[in-house]
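Quick notes on the structure that follows.
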Amino acid sequence: MVWNDKKIKESKAVIPMREEMVNPASIDLTLEALIDGELGIEGSHMELPPGAFYLGVTAEQVHIPDNAVGIVKGKSSWGRQGVMVECAGVLDPGYQGPVTLQIKNLSNQDVTVRAGDRICQVMFFDLCQPAEHPY
């Protein structure tokens, strides 16, 4: 079952928990830093040229209980600009920490990404029972 806004707020699964980030069935996460793996540059504000690929790290820490799983998706506002935001996988039961993102500019123009931007959202789902071997 997907968690609703009330359960997300009560769960403390995202720290810091800011009510204005909670949606009816998900919570937005913000960007803390971008990393250009090829150049080894890290920053809080970058111009992504067409075709550029960066790693991103969220400012929030996510704490997934042993009886839940998190799915991370990019925000549609970035998709409309031609920027794809993905997570390498699911947030497994027991995972605690920031979310690492893969960010790629698929458009034909530069796109500016800044720390504090709402970059992705997380949906939480209950498992039928707690994981036997959590993360």
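Along the sequence shown, the residues carry numbers beginning at 1.
Asn108 approaches Pro50 most closely through the heavy-atom pair C-CG, 3.5 Å. When all heavy atoms of Cys120 and Thr58 are compared, the pair lying nearest together is SG-CG2, 4.2 Å. Between Ala68 and Ile64, the shortest heavy-atom distance links the atoms O-CG2, 3.3 Å. Residues Tyr54 and Met46 approach most closely at CE2-SD, 3.3 Å, considering heavy atoms. Pairing each heavy atom of Gly94 with each of Pro134, the nearest pair is CA-CB, 4.1 Å.
Checked by atom type and distance alone, the side chain of Asp28 never pairs as donor or acceptor with a backbone atom of Arg118 at under 3.5 Å. Remark: side-chain polar atoms of Asn4 are paired, donor with acceptor, to backbone N or O of Lys6 under 3.5 angstrom. Distance alone, capped at 3.5 Å, is enough to place a donor-acceptor pair between the Lys104 side chain and the Gly51 backbone.
Contact of the Gln121 side chain with the Lys75 side chain is registered, since non-hydrogen atoms from C-beta on lie closer than 4.5 Å. Val14 is not listed as a side-chain neighbour of Val122, based on a closest heavy-atom distance of 4.5 Å or more.
In this structure, the separation between CG on Asp110 and CG on Asn105 is 7.5 Å, given to the nearest 0.5 Å. Here the straight-line distance linking atom CD1 of Ile71 with atom SG of Cys87 works out to 8.5 Å at 0.5 Å rounding. Here the CD1 atom belonging to Ile119 is positioned 4.5 Å from the CD1 atom belonging to Ile103, to the nearest 0.5 angstrom. Rounded to the nearest 0.5 angstrom, Gln61 CD and Leu29 CG are separated by 10.5 Å. For the atom pair CG of Asp5 and NZ of Lys7, the computed distance is 12.5 Å after rounding to the nearest 0.5 Å. To the nearest 0.5 Å, atoms CD (Gln109) and CD (Gln81) are separated by 8.5 Å.
Shown here are the ring-ring contact (aromatic ring centres under 6.0 Å, His included) partners of Trp3, two or more places apart in sequence or in another chain: Phe124. Every residue meeting the ring-ring contact (aromatic ring centres under 6.0 Å, His included) condition with Tyr135, not counting sequence neighbours, appears here in chain and number order: Tyr95.
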*Between Leu34 and Leu48, is a side-chain contact (heavy atoms from CB on, under 4.5 Å) present by the stated rule, with each step listed?*
CA-CA 10 Å; Leu34 278 169; Leu48 280 62; 4.1 Å; yes

_Between Trp78 and Asp117, does the side-chain contact (heavy atoms from CB on, under 4.5 Å) criterion hold? Intermediate values first, please._
CA-CA 10 Å; Trp78 290 105; Asp117 284 345; 3.4 Å; yes

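Residue pairs meeting the salt bridge (charged side-chain N to carboxylate O under 4.0 Å, His left out) criterion with at least one partner in residues 13-23, sequence neighbours excluded, are Lys9-Glu19, Arg18-Glu20, Arg18-Glu60.
Taking hydrophobic clusters as Ile, Leu, Val, Met, Phe, Trp and Tyr residues chained together by side-chain heavy-atom distances below 4.5 Å, Leu55 does not share a cluster with Met84. Under the 4.5 Å side-chain heavy-atom criterion for grouping Ile, Leu, Val, Met, Phe, Trp and Tyr, Val99 is not connected to Val90 through any hydrophobic cluster.
Checking each of Val72, Leu91, Ile15 against Val62 for a side chain to side chain contact (heavy atoms under 4.5 Å, CB included) leaves exactly one that passes, namely Leu91.
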